[in-house]
Amino acid sequence: MSDEAIIEPSDYVAPDTFDQFISDLKARARHDKSPIISPRMFCRAMGMDVQTLAARAHVHRVTVNRAQGAEKLQTYLRDAVRVMGAAAAVNDNLQDAAFWFRNEPLSAFDFKTPEQLVSDGRADDLLGYVQSLSAGAAG
């Protein structure tokens, strides 16, 4: 995405690659002159509404619109993006990684989804799990 063609978060369509997603988030941050992850772009890319993001980040829904740089919100977004990056590296497709993140219950974590685990503050545990999957079975 070039600086001349900044897409508004409400019009954003997630790309196929994680690298392009990060590039889009960076372009938005440069455009806004604020080094934060755009909650609205994240929502659009993940097929998530603002209310769900607020609940997952443990903030009020108004925070997503009016205090986008709130530390709790940005911590959730950073952790979610880290996990998405690891998942996309395993299967090389952002859309598949997003589906996995939002929907797949993981037996190793009492059948919680990755989205729920990040909300619970378990992003590092989840990253270890994804890294073990990418390393293959041991034994």
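Hydrogens, waters and symmetry mates play no part in the numbers below; they use all other heavy atoms, side chains included.
- You'll find the side chain of Pro114 reaches within 4.5 Å of the side chain of Leu106, heavy atoms only.
- Within the 3.5 Å criterion, the main-chain N or O of Asp19 finds no donor-acceptor partner in the side chain of Ser23.
- Summarising the geometry, atom CG belonging to Asp24 is positioned 8.5 Å from atom OG1 belonging to Thr17; distances are rounded to the nearest 0.5 Å.
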- What's the verdict on side chain to side chain contact (heavy atoms under 4.5 Å, CB included) for Gln68 and Ile37, showing C-alpha distance, side-chain angles and the deciding distance? CA-CA 8 Å; Gln68 295 181 17; Ile37 296 171; over 6 Å; no
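- A pairwise comparison of heavy atoms in Cys43 and Asp49 identifies SG-O, 3.9 Å as the closest pair.
- Judged by distance alone, with hydrogens and angles left aside, the side-chain atoms of Arg122 form no donor-acceptor pair with the main-chain N or O of Phe109 at under 3.5 Å.
- Between the side chain of Gln95 and the backbone N or O of Pro15, at least one donor-acceptor pair lies under 3.5 Å.
- In this structure a side-chain-to-backbone donor-acceptor pair under 3.5 Å is missing from Glu104 to Phe99.
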- Task: Walk me through it: do Val90 and Trp100 pass the test side chain to side chain contact (heavy atoms under 4.5 Å, CB included)?
- Result: CA-CA 11 Å; Val90 170; Trp100 171 83; over 6 Å; no
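- Taking the six-membered ring for Trp and thresholds of 30 and 60 degrees, Phe21 and Tyr12 have ring planes inclined between 30 and 60 degrees apart.
- Cluster membership check: Ile36 does not share its hydrophobic cluster with Val59, using side-chain heavy-atom separations under 4.5 Å among Ile, Leu, Val, Met, Phe, Trp and Tyr.
- At distances below 3.5 Å, at least one donor-acceptor pair connects side-chain atoms of Gln116 with backbone N or O atoms of Thr113.
- In this structure, the side chains of Val118 and Leu126 come closer than 4.5 Å at one or more pairs of heavy atoms.
- The shortest side-chain heavy-atom distance between Gln74 and Leu77 falls under the 4.5 Å cut-off.
- A side-chain donor-acceptor contact under 3.5 Å links Arg102 to the backbone of Met46.
- By the 4.0 Å N-to-carboxylate-O rule, Arg44 lies too far from Asp11 to be salt-bridged with it.
- Considering CG of Leu133 and CD of Gln131, their distance stands at 10.0 Å, rounded to 0.5 Å.
- No donor-acceptor pair closer than 3.5 Å links the side chain of Glu115 to the backbone N or O of Asn103.
- Taken from CZ in Arg40 to CG in Leu53, the straight-line distance is 9.5 Å, to the nearest 0.5 Å.
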